[in-house]
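Structure record follows, encoded as structure tokens.
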Amino acid sequence: FLPEYKAQGIFEQDPFVSLDQEGVGELIRIAVERGRATRPDIKLGICGEHGGDPASIGFCEAAGLDYVSCSPFRVPIARLAAAQAAVRESAKRSAASVAVGGA
């Protein structure tokens, strides 16, 4: 059914490989917000195929997750994507700090 759904534009990506950042992503953001409000030191992450998808990894970094876990064959690309996402998020935080008069 997935190829047909993709062909009809119902899904842009395979939802079993790449996170639906609008729907599932909103649930993840809510979980991070509420979880950290209750227990600030809680470790949050995802595992499975989503943990090895570069777009999902970037989303997870931006959402505030602590880790991703994936199958061994996806580790090299996952490490690269995680490093790139961390650099992007660090640059965003630096730019925001400068914009509000910080250093």
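Worth saying up front: this structure is predicted, and the values here are computed from it rather than measured. Every heavy atom of this structure was used, including side-chain atoms; hydrogens, water molecules and symmetry mates were not.
For the pair R36/L44, a side-chain contact is recorded, criterion being any heavy-atom separation below 4.5 Å from C-beta on. With a 4.5 Å cut-off on side-chain heavy atoms, C60 and L19 count as touching. L2 is listed as a side-chain neighbour of P15, based on a closest heavy-atom distance under 4.5 Å.
Heavy-atom minimum distance, G51 versus I46: N-CD1, 3.9 Å. A pairwise comparison of heavy atoms in S71 and E49 identifies OG-OE2, 3.9 Å as the closest pair. Here the closest non-hydrogen pair linking E89 and E61 is CG-CG, 3.4 Å. The two residues G52 and R74 come nearest to each other via the heavy atoms O-NH2, 3.1 Å. Between S18 and Q13, the shortest heavy-atom contact is CB-CB, 3.9 Å.
Note: the hydrophobic cluster containing V87 does not contain F59 (ILVMFWY, side chain heavy atoms under 4.5 Å, direct or indirect links). When the side chains of ILVMFWY residues are joined at heavy-atom separations under 4.5 Å, either directly or via intervening members, V24 and V68 end up in a single hydrophobic cluster. Cluster annotation: I77 and F73 are assigned to distinct hydrophobic clusters (Ile/Leu/Val/Met/Phe/Trp/Tyr, side-chain heavy-atom contacts under 4.5 Å, transitive). Transitive grouping of hydrophobic side chains (ILVMFWY, heavy atoms separated by less than 4.5 Å) brings I28 and I42 into a common cluster.
Between the CG atom of D20 and the NE2 atom of H50 there is a distance of 9.0 Å, given to the nearest 0.5 Å. With rounding to the nearest 0.5 Å, the separation of CD1 in I57 from CG in L80 is 9.0 Å. Distance check, rounded to the nearest 0.5 Å: CD1 of I10 to CD of E4 gives 8.0 Å. For the atom pair CG of L27 and CD of E22, the computed distance is 12.0 Å after rounding to the nearest 0.5 Å.
When the shell of 6.0 Å around CD of E12 is examined, it contains 12 or fewer heavy atoms from other residues, nucleotides or ligands.
Checked by atom type and distance alone, the side chain of S97 never pairs as donor or acceptor with a backbone atom of R93 at under 3.5 Å.
Under the rule for a side chain to side chain donor-acceptor pair (under 3.5 Å), the partners of E26 that lie at least two apart in sequence or sit in another chain are R29.
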